[in-house]
Amino acid sequence: ELTGAFAPFANGGNGIIPHVIRQIRTVDGNVLYDRRGTGSGQVVYPEQLGMMNYMLRQTLESGTAQRATIEGWQAGGKTGTGDHRYFVYAKNGAVVESRVVSRAATFVFMLDNRYFGTVTAYVPGPEAARFHFTSALPVRVTGLLMPTLDRLSSPAPAPAAASASP
């Protein structure tokens, strides 16, 4: 859901319907499922898109992710960290009990208008109280993935030309 909500900022303002499976085929090549549809069209006007993208870039340039720049990429995003707790209150409003339920840190990102997505670190249960990571963790993980993403997205080398026989 976060990826779908964030996609318009990375792709020029168009809504998308995120998906994981594009097609399912049998061993014989019969198509059992073929995803159709692209999205909901223009959902953000260009004027607002420019302002929003500027703010998202500031997250990495001077905001919460500034120490985790992603070299060589035009990057922007939104970070968030949550220490999710369960509170019990007395009748007067004072906290009687507080316990950790989980901890999460998320980086929703766009890179060069080529990639967008979400990386989340999450620890469920009481053991989450032992962890103190922030959103810098998923930002750093995204940065570490960039060389692999870059290699995977580069165009394949052109095939060698066959030599003609005289």
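Just so it is clear, the values below take in all heavy atoms, side chains as well, and ignore hydrogens, waters and symmetry mates.
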Practice task
List in chain and number order the residues that pass side-chain hydrogen bond (donor to acceptor under 3.5 Å, both in side chains) with Arg57, two or more places apart in sequence or in another chain; answer none if no residue qualifies.
Solution key: none
Practice task
Could you state whether Met110 and Met55 fall into the same hydrophobic cluster, counting links through intermediate Ile, Leu, Val, Met, Phe, Trp or Tyr residues with side-chain heavy atoms under 4.5 angstrom apart?
Solution key: yes
Handout entry: Heavy-atom closest contact (Ala75 atom, Leu111 atom, distance)
Key = CB-CD2, 3.4 Å
Exercise for the section: Name all residues meeting the side-chain hydrogen bond (donor to acceptor under 3.5 Å, both in side chains) criterion together with Glu127; count only those two or more places apart in sequence or in a different chain, and write none if there are none. Expected result: none
In a table with atom names and distances, give each donor-acceptor pair under 3.5 Å that connects a side chain of residues 5-16 to protein atoms at least two apart or in another chain.
residue: Asn11; atom: OD1; partner: Gly13; partner atom: N; Å: 3.2
residue: Asn11; atom: OD1; partner: Asn14; partner atom: N; Å: 2.9
residue: Asn11; atom: ND2; partner: Asn14; partner atom: O; Å: 3.0
residue: Asn14; atom: OD1; partner: Gln42; partner atom: N; Å: 3.4

Problem - Atom pair OG1/CG of Thr134 and Asp83 - distance to nearest 0.5 Å - result: 12.5 Å
Exercise for the section: Look only at the side chain of Asn92 and the backbone of Ala94, and say whether a donor-acceptor pair between them is shorter than 3.5 Å. Expected result: yes
Problem - By side chain to side chain contact (heavy atoms under 4.5 Å, CB included) - contacts of Phe133 (at least two apart) - result: Arg103, Ala105, Ala121, Val123, Phe131, Leu137
Practice task
Consider only side-chain heavy atoms of I, L, V, M, F, W and Y, link residues closer than 4.5 Å, and tell whether Val101 and Val96 are in one cluster.
Solution key: yes
Practice task
Name all residues meeting the side chain to side chain contact (heavy atoms under 4.5 Å, CB included) criterion together with Gln23; count only those two or more places apart in sequence or in a different chain, and write none if there are none.
Solution key: Arg25, Val31, Asp34
Practice task
Output the rest of the hydrophobic cluster of Ile17: all Ile, Leu, Val, Met, Phe, Trp and Tyr residues reachable through side-chain heavy-atom contacts under 4.5 Å, sorted by chain and number.
Solution key: none
Fill in the blank from the handout: Scanning both residues in full, the closest heavy-atom pair of Gly77 with Leu60 reads N-CD1, 4.1 Å
Handout entry: Partner set under salt bridge (charged side-chain N to carboxylate O under 4.0 Å, His left out) for Glu47, not counting sequence neighbours
Key = none
Exercise for the section: Could you list the residues that satisfy side chain to side chain contact (heavy atoms under 4.5 Å, CB included) with Thr106, not counting sequence neighbours? Expected result: Leu2, Val108, Thr118, Thr120
Problem - Straight-line distance of Lys78 NZ to Phe107 CZ, nearest 0.5 Å - result: 10.5 Å
Practice task
Would you confirm whether Thr59, through its side chain, and Gly63, through its main-chain N or O, come within 3.5 Å as a donor-acceptor pair?
Solution key: no
Handout entry: Side-chain cluster (under 4.5 Å, hydrophobic types only) that Val27 belongs to, other residues
Key = none
Problem - Side-chain cluster (under 4.5 Å, hydrophobic types only) that Phe87 belongs to, other residues - result: Tyr89, Val95
Problem - Any residue meeting side-chain hydrogen bond (donor to acceptor under 3.5 Å, both in side chains) with Ser98, in chain and number order, not counting sequence neighbours - result: Arg85
Problem - Donor-acceptor under 3.5 Å (Thr81 side chain, Ser135 main chain) - result: yes
Exercise for the section: Taking side chain to side chain contact (heavy atoms under 4.5 Å, CB included) as the test, write out the residues that go with Tyr33, two or more places apart. Expected result: Ile21, Ile24, Arg35
Handout entry: Tyr54 atom OH, neighbour heavy-atom count above 12 within 6.0 Å
Key = no
Practice task
Output yes when a side-chain donor or acceptor of Ser102 lies under 3.5 Å from a complementary backbone atom of Gly125, and no otherwise.
Solution key: no
